[in-house]
Amino acid sequence: MVGQRFLEALAEQGVTGRTRITVLGEEPRPAYDRVRLSSYFDGRTPDDLSVTAPDFLARHGIEAHFGDPVEAVDRTARTVTTRSGLTLPYDTLVLATGSYPFVPPVPGRDAEGCFVYRTIEDLLAIEAYAKGAGTGAVVGGGLLGLEAAGALRGLGLATHVVEFAPRLMPVQVDEGGGAALLRTVESMGLTVHTGTGTAAVRTGDDGRVTGMELSDGSEIATDLVVFSAGVRPRDALARDCGLAVGERGGIAVDEHCRTSDPAVYAIGECALAADGRVYGLVAPGYEMALTAAESIGAGAGEPPGTAAGRTFTGADTSTKLKLLGVDVASFGDAHGTAAGCLDVVYADSRAGVYKKLVMDADGVLLGGVLVGDAEAYGMLRPLTGSRPPVAPEQLVLPAGAGAPAALGPAALPDSAVVCSCHNVTKGAIVACASLPEVKKCTKAGTGCGGCVTVIRQLLPPPGESGLCGCFPHSRQELYEIVRTLRLDSYAELLDAHGRAEARGGEGCEVCKPVVASVLASLEGAYPLDGERAALQDTNDHFLANLQRNGSYSVVPRVPGGEITPDRLIVIGEVARDFGLYTKITGGQRIDLFGARVDQLPAIWARLVDAGFESGHAYGKALRTVKSCVGQTWCRYGVQDSVRMAIDLELRYRGLRAPHKLKSAVSGCTRECAEAQSKDFGVIATANGWNLHVGGNGGATPRHADLLARDLSDAELVRLIDRFLMFYVRTADRLERTAAWLERLEGGLEHLRDVVVHDSLGLCAELEAQMAAHVAGYRDEWAATLEDPERLARFVSFVNAPGTPDPSVRFVPERDQLKPDLAVLAIGPAPAGRTYEGVNTP
């Protein structure tokens, strides 16, 4: 994780664009989230745990070799050599080798059935072995030990925890906190042995584990042993090449994370910081990564180690986590080591709650321990080192226990660090408008997640509940009302479910297009029939995009960007005959600009006759499915991306959604179609298709997330059906899939549970809705041209049909026409003429 954060910091500084960077890793995969390692046993996959975007390394030109650890460093020649024999030169070397599990030197520790708990491979091995076991034991009752115990319990094993110290989590909590934690853990069925160590691991005749002998003379019958008794810095490479290391381990570094060799840096758990400590938490590791990256980036082109910049001289070791479902947190001087300090304690052994604050004689908060109820952690930790604005007992007493109103995050100073993982202050957070913006701009909330509750409380509250002044319901709630009650009329919906003061009225410009979209997505009917015509905004009203000078654009659908010469000629002839500005877009379409509203039917008559249909550039619907040429032409292609792009575009054309939808299909991982910046993007693999969702290449870009991999054609289409209909059903008005996915409670994991694993039992219904859409689709312009009444709306003046709008003018530029902006004005229509009324000015 620290190594990956270092790479991201280099990329943010632009170093990756001018420097060759190589990553060498022992494990067979890129960086993943060790903090949430145990979530693998809750159904997360190794891919879910990845903290490395699928295209990150390739996008930044970073060369990577996984499963091939470095075995030697030659500082004189400035080379590293891997296990496979690969030798690479370096100008600057960064050691981010982390730590290794400490296994006590007890007899039998190498027996079959003994494991450590550190990597994904460790978890896979434990999971496989546990299938034939009934009882498991964990050596170590610290953070990782209790996580391992929770994993064994989740695998169905009767579980023992052996801790040499007199209490669980001895580093983080005090005696009172350890007692509260012990009671809660034992109530879950785990057997805890404190104050004793492991003397030996017993084995049977087959060499497999059968039990443990403890140092107090007792024995445990167990089939499986997990050693989680702490970690040690992985400093062997540094020792072997002569770098300075600490007496108790760790590669010695200065405040810039440089080792005794200025060309070599060390970051994370392998490093002994300038304050003489080895930090085993992710937040200090990230700070070291940023420090080293800034030093290296600022010193590019200079002798190694000459750059200044930020420094790392120590870090906050506060922690908050949930172990076996129990909230545990500690911060500051949790054990009260400062001279003359005083404790403020609240304990409820029945509820398993223990809270202790450490104060100095002047009332300054020095630290604390929270077990069973850590809700106040996000507020208390930033207050450490200051005098709280309320009495300390008010900070620990539960609600309703006679305490005044709790101190809220708003009382924190702007300088208070709210996110310790990324060192983000309250001031930086309140400058943002939403949680997605906070995560994107500051990275706060993307680490351990312990600060998210406080961040939400610091952000501006949402406005009045409901879609608008007409309805007290959100778009999602209105969708469910319309779907469940089978309503087909806006007026009926408003009268039955609108606010009392809005019933019987005409609605507003916010809710009318939203309801029109909901009705269209559920029924697929022509959008301009009857009442629905009055619900549409300007673009949908004329089935075209209004441009800045009052003209409209004409955008025929070109599925997959594939077009015949004859159809290409028709587009050229139409553009020539009607004097339209013509542009090939980045979405593999040809856009024609400058059509007057009265010209639209004649233009579309020519295009429909040639086989074209609406590209829905005017609607909150699918725009395009972009593609590369795929395996048909490209020597790197592994699948037929053009065929798939055409199939998807024709399947989802016309689907009305909360916002526009864009897609792409790349025929290989070179990603020429830019699929990972789309609402749903597909990338070919040798084994099928990878599906990415929630991307956005607009004003606030978001990289799409990998939802599923190596899908067959049928599996891919089925998952996209489910994804799109779930989005249509639950998103807010004008909410792109990127913002929706950021807002969705549980994020990508929840989405995967719903559309892949069918956790809500909705998938059959979602598929049926999409099937109904596909079966009922009809091109809107073809339907318009067949109906004289529908055609009658395409006039500039309702009392002077056929009269062109004199304000729509053009001037020549680069052999084409562009809007004459000099005539743009807002005012009355020419004398004697009335503009066709629309909802949006």
Side-chain angles (χ1 to χ4, degrees), residues 37-38 41 100-119 121-173 175 177-232 323-326 328 349 352:
L37 189 65
S38 294
F41 294 110
Y100 65 91
F102 169 68
V103 178
V106 298
R109 63 177 183 167
D110 296 323
E112 185 177 356
C114 288
F115 302 90
V116 293
Y117 196 88
R118 184 64 177 167
T119 69
E121 275 59 47
D122 294 334
L123 269 58
L124 296 174
I126 292 170
E127 182 182 43
Y129 197 87
K131 293 178 181 178
T135 303
V138 177
V139 178
L143 294 175
L144 205 57
L146 292 183
E147 285 201 20
L152 296 186
R153 176 172 171 265
L155 291 171
L157 303 185
T159 304
H160 295 258
V161 178
V162 179
E163 168 56 49
F164 183 76
R167 62 180 180 271
L168 296 173
M169 292 184 64
V171 175
Q172 287 77 23
V173 303
E175 184 176 348
L181 182 60
L182 175 63
R183 283 190 294 270
T184 303
V185 167
E186 288 183 330
S187 71
M188 297 177 181
L190 277 72
T191 303
V192 179
H193 311 262
T194 55
T196 186
T198 304
V201 174
R202 289 192 283 105
T203 60
D205 294 338
D206 57 0
R208 296 165 66 95
V209 170
T210 60
M212 293 172 57
E213 298 176 12
L214 304 185
S215 58
D216 62 4
S218 61
E219 295 188 359
I220 297 174
T222 184
D223 307 305
L224 180 153
V225 176
V226 176
F227 288 100
S228 185
V231 295
R232 300 291 186 269
L323 296 168
L324 296 166
V326 183
V328 179
S349 58

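Values in this document were obtained by computation on a predicted structure and should not be read as measured data.
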Looking at residues at least two apart in the chain, or sitting in another chain, which of them share a side chain to side chain donor-acceptor pair (under 3.5 Å) with [X]?
X	answer
Thr135	none
Glu175	none
Thr196	Ser215

Looking only at non-hydrogen atoms, find the nearest pair between [X] and [Y] and report the distance.
X	Y	result
Leu155	Ala130	CD1-CB, 3.8 Å
Thr203	Ala111	CG2-CB, 3.3 Å
Glu112	Arg208	OE2-NH1, 3.1 Å
Val209	Cys114	CG2-SG, 3.7 Å
Ala148	Val226	CB-CG1, 4.1 Å

Contacts of [X] that satisfy side chain to side chain contact (heavy atoms under 4.5 Å, CB included) - sequence neighbours left out:
X	value
Arg109	Val103, Pro105, Val106, Phe227
Ser218	Leu214, Asp216
Ala133	Leu157, Asp223
Glu186	Leu182, Val192

Just wondering, do [Y] and [X] contact through their side chains at under 4.5 Å, heavy atoms?
X	Y	value
Ile126	Leu152	yes
Val162	Ile220	yes
Phe102	Val231	no

Measure from the side-chain N and O atoms of Thr198 to the backbone N and O of Ala200, and report whether any donor-acceptor pair falls under 3.5 Å.
-> no
What salt bridge (Lys or Arg N to Asp or Glu O under 4.0 Å) pairs are there with at least one residue in residues 159-168, not counting sequence neighbours?
-> none
So which pairs with a foot in residues 190-203 pass salt bridge (Lys or Arg N to Asp or Glu O under 4.0 Å), sequence neighbours left out?
-> Arg202-Glu219
Return the set of residues passing salt bridge (charged side-chain N to carboxylate O under 4.0 Å, His left out) with Glu127 (not counting sequence neighbours), or none when no residue passes.
-> none
How long is the gap from CG on Leu168 to CG on Leu143, to the nearest 0.5 Å?
-> 11.0 Å
Ring pair (Phe, Tyr, Trp, His ring centres under 6.0 Å) filter on Tyr129, not counting sequence neighbours, yields Phe115
Can you list every ring pair (Phe, Tyr, Trp, His ring centres under 6.0 Å) pair that touches residues 130-170, not counting sequence neighbours?
-> His160-His193
Begin with the C-alpha distance, continue with both residues' side-chain angles, and end with the deciding distance and a verdict on side-chain contact (heavy atoms from CB on, under 4.5 Å) for Val138 and Leu146.
-> CA-CA 8 Å; Val138 177; Leu146 292 183; over 6 Å; no
